[in-house]
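Here the structure comes first, spelled out in structure tokens, and everything after it is commentary.
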Number of protein chains: 2
Amino acid sequence: MTTPRDPRAARLAHLAALVADGTRAVCLLALLDGRAWTAGELARYAGVAPSTLTGHLDRLVTGGLLAEERQGRHRYVRLAGPRAAQLVEELAAWSGPADLPRRGGLRAATADSAMARARTCYDHLAGRLGIALTDALADRGLLLRETGFALTGAGLEWFAANGIALDPGGRRPLARACLDWTERRPHLAGAAGAALCRHALETGWCARIGSERAVRVTAAGERALRDLLGVPPDALR
Amino acid sequence: MTTPRDPRAARLAHLAALVADGTRAVCLLALLDGRAWTAGELARYAGVAPSTLTGHLDRLVTGGLLAEERQGRHRYVRLAGPRAAQLVEELAAWSGPADLPRRGGLRAATADSAMARARTCYDHLAGRLGIALTDALADRGLLLRETGFALTGAGLEWFAANGIALDPGGRRPLARACLDWTERRPHLAGAAGAALCRHALETGWCARIGSERAVRVTAAGERALRDLLGVPPDALR
DNA sequence: GGGACGGTTCGGTCCCGGCCGAAGTTTCCC
DNA sequence: GGGAAACTTCGGCCGGGACCGAACCGTCCC
């Protein structure tokens with residue numbers, strides 16, 4: 001990576017270089033689940049020696065993509081924030097919207113199908129569930145989708161009426177599109193997407209399956225989504 | 001760049017590697033002006049030997065970031081499309097929203113100030129002009145901005161009423177936010193931003209200054225923007 | 001036809017950085 | 001206190017890839 005005169009280009013190249021290594025890319029994609037991983041977990045997952053991973057994490061943290069937290073003898077890392085997550089998503093969406101990796105075996109296949117049905121994508125909901133929610137919000141005039149991606153006035157009221165706090169403080173956009181790599185259609189992300197996901201997990205509309213990214217919609221969740229948004233239960237299966 | 005087992009991560013790393021070189025980054029930023037450059041121009045601009053640049057262009061074209069067109073003994077390259085431009089923008093915005101490069105000298109300073117006033121950003125308008133247009137559209141209820149970024153129904157009518165064709169065919173979003181690196185505020189991009197920019201240049205509201213990215217607002221443009229959108233002429237200076 | 005010009009191919013150099021294992025350091029827990 | 005576990009530091013190895021100059025190939029134009 002030759003460093004040019006132009007400092008702007010140098011910073012751009014430096015940032016891209018953080019992602020431009022296979023091992024680091026594996027880590028970043030894993031961290032897209034929004035949780036904090038320990039260095040050891042990531043090393044095993046990526047298939048490299050712990051000492052190798054230390055160096056990678058140093059670079060990613062220094063570069064601002066990851067945030068770290070030391071607890072005793074553990075080093076926890078997670079994506080630095082929604083913007084970092086968005087950056088990784090965006091690059092991942094460009095680089096291969098196609099084929100989700102078939103890892104072979106029945107167990108893998110069921111895991112994949114659960115992921116395709118409903119999962120978290122950093123801090124919001126994705127998979128068929130994410131699409132169904134986005135469709136429902138758009139159909140009811142709560143979300144503009146064809147001409148961009150924004151909550152309408154009615155949408156703001158709907159969130160307020162249902163007690164889903166929208167955290168107006170942040171500089172982060174309330175609604176933005178996130179391109180799903182199984183469905184290949186945009187679904188709701190941004191502060192509103194995150195609030196909806198948080199609410200769904202807190203009130204028990206959804207529950208995490210094991211410690212994975214996949215979630216399942218509970219019976220209560222099916223009822224709530226049907227009553228509040230008119231989501232047909234079929235759309236969630 | 002070690003290549004991992006996971007093909008998804010491999011593609012991600014491969015894409016990032018295209019940007020992760022200083023010389024290629026210089027080229028990509030230069031090409032953000034939306035025009036087609038010859039290989040020689042880029043080589044001189046980046047300060048490397050023509051033979052070196054040939055290799056870089058090969059990689060960028062193969063990787064899908066650039067499109068090329070051969071004309072006689074010239075090799076013209078430009079960004080492959082709006083999505084490629086958006087990707088570069090996004091990375092650039094993350095890597096350094098700060099200080100625009102002061103290149104020293106009076107000539108450079110005037111060029112910079114013209115750029116800050118009004119310029120193109122790939123295919124739409126940026127700088128203070130871009131912000132002023134975005135503000136005006138939002139103030140008149142034609143564009144939602146606080147809750148995301150989308151044209152309203154009134155906005156669609158406004159474009160139609162003023163004969164600005166919106167090219168509904170493409171899969172590209174009608175409105176999206178582009179983060180300006182001089183103003184540090186989002187302005188209108190996407191198909192609507194591109195249509196507005198095209199219209200402004202075609203009808204003579206704006207004219208390119210030399211062959212640069214900078215544009216100036218004509219007297220006719222000032223009148224039109226004031227009458228159609230209530231843009232105060234001061235906002236353009 | 002004959003330069004000049006723009007671009008490409010090739011060979012050779014060099015350095016950055018990813019990888020590992022071995023030896024340290026800190027924390028945890030018995 | 002002692003041993004195991006999690007991580008880090010260091011030294012050494014190795015490959016990819018960025019760079020250049022020289023030679024080569026079309027194209028343009030006089």
Side-chain angles (χ1 to χ4, degrees), chain A residues 1-6 9-28 31 36-63 65-78, chain B residues 1-6 9-28 30-31 35-63 65-78:
Chain A
M1 180 189 91
T2 325
T3 310
R5 299 273 178 276
D6 181 357
R11 284 198 302 267
L12 172 57
H14 183 75
L15 170 67
L18 292 179
V19 190
D21 170 81
T23 302
R24 286 196 295 269
V26 166
C27 295
L28 290 170
L31 289 163
W37 292 51
T38 68
E41 283 169 341
L42 281 174
R44 277 188 301 277
Y45 181 79
V48 297
S51 59
T52 301
L53 204 87
T54 294
H56 287 309
L57 293 186
D58 288 346
R59 291 192 62 175
L60 289 170
V61 169
T62 307
L65 281 183
L66 298 190
E68 76 179 350
E69 203 168 330
R70 310 267 179 162
Q71 270 181 27
R73 57 184 168 181
H74 293 282
R75 179 189 204 179
Y76 285 97
V77 292
R78 53 187 163 71
Chain B
M1 180 188 93
T2 326
T3 309
R5 299 270 179 281
D6 180 357
R11 284 198 302 268
L12 172 57
H14 183 75
L15 169 66
L18 292 179
V19 190
D21 170 81
T23 302
R24 287 195 293 271
V26 165
C27 294
L28 290 170
L31 289 163
R35 294 178 308 156
W37 292 51
T38 67
E41 283 169 342
L42 280 174
R44 277 188 301 276
Y45 181 77
V48 295
S51 60
T52 301
L53 204 88
T54 294
H56 287 309
L57 294 186
D58 288 347
R59 290 192 63 174
L60 290 170
V61 169
T62 307
L65 281 183
L66 298 190
E68 75 179 351
E69 204 169 328
R70 310 265 179 164
Q71 269 180 28
R73 56 184 167 179
H74 293 281
R75 178 189 203 178
Y76 285 96
V77 292
R78 51 186 165 72

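The sequence lines fix the lettering, A, B, ..., with proteins before strands; numbering per chain opens at 1.
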Reckon Thr23(A) has a side-chain N or O less than 4.0 Å from the OP1 or OP2 of dG18(C)? no
Nearest 0.5 Å, what's the [atom1]-[atom2] distance between [X] and [Y]?
X	Y	atom1	atom2	value
Asp6(A)	Tyr45(B)	CG	OH	6.0 Å
Leu28(A)	Leu18(A)	CG	CG	8.5 Å
Trp37(B)	Leu66(B)	CH2	CG	12.5 Å

For nucleotides 11-15 of chain D, which of its nitrogen or oxygen atoms have a protein nitrogen or oxygen under 3.5 Å away, and what is each distance?
none

Would you indicate what Arg24(A) reaches in the nucleic acid, counting non-hydrogen atoms under 4.0 angstrom: base, sugar-phosphate, or nothing? sugar-phosphate
For Arg70(B), answer base if it contacts any base atom (sugar-phosphate contacts may also be present), sugar-phosphate if it contacts only those atoms, and nothing otherwise; contact means non-hydrogen atoms under 4.0 Å.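 Sugar-phosphate only.
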How large an angle, rounded to 10°, do the end axes of the helix from dG1(C)-dC30(D) to dC30(C)-dG1(D) enclose when each is built from five base pairs? 30°
I need the [atom1]-[atom2] distance between [X] and [N], as an integer number of Å.
X	N	atom1	atom2	result
Arg44(B)	dG6(C)	CZ	P	7 Å
Arg75(B)	dT8(C)	CZ	C1'	9 Å
Glu69(A)	dA6(D)	CD	C1'	16 Å
His74(A)	dA4(D)	NE2	P	17 Å

Are Val26(A) and Leu42(A) close enough, and set up right, to give a side chain to side chain contact (heavy atoms under 4.5 Å, CB included), and what steps lead you there? CA-CA 9 Å; Val26(A) 166; Leu42(A) 281 174; over 6 Å; no
What are the two closest heavy atoms between [X] and [Y], and how far apart are they?
X	Y	result
Ala43(B)	Pro50(B)	CB-CA, 4.1 Å
Ala13(A)	Gly22(B)	CB-N, 3.8 Å
Ala39(B)	Leu57(B)	CB-CD1, 3.7 Å
Ala20(B)	Ala20(A)	CB-CB, 3.8 Å

What pairs of residues pass the side-chain hydrogen bond (donor to acceptor under 3.5 Å, both in side chains) test when at least one of them lies in residues 47-60 of chain A, not counting sequence neighbours?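 Listed by first then second residue: Arg24(A)-His56(A), Asp58(A)-Arg75(A).
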Distances under 3.5 Å only, N/O to N/O: pair up the protein atoms with those of nucleotides 25-30 of chain C.
{"unit_1": "dT27(C)", "atom_1": "O2", "unit_2": "Arg73(A)", "atom_2": "NH1", "d": "3.4"}

How would you list, by chain and number, every residue that makes a side chain to side chain contact (heavy atoms under 4.5 Å, CB included) with Tyr76(A), sequence neighbours excluded? Ala36(A), Thr38(A), Glu69(A), Gln71(A), His74(A)
Scan residues 49-60 of chain A against DNA chain C and write down, sorted by residue number, each residue with any heavy atom closer than 4.0 Å; if none is found, say none. Ala49(A), Ser51(A), Thr52(A), His56(A), Arg59(A)
Worked verdict on Leu53(B) versus Cys27(B) for side chain to side chain contact (heavy atoms under 4.5 Å, CB included): CA-CA 10 Å; Leu53(B) 204 88; Cys27(B) 294; 3.9 Å; yes
Would you indicate whether the side-chain heavy atoms of Val19(B) and Leu65(B) approach each other to under 4.5 Å?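 Side chain of Leu65(B) against side chain of Val19(B), heavy atoms only: contact under 4.5 Å found.
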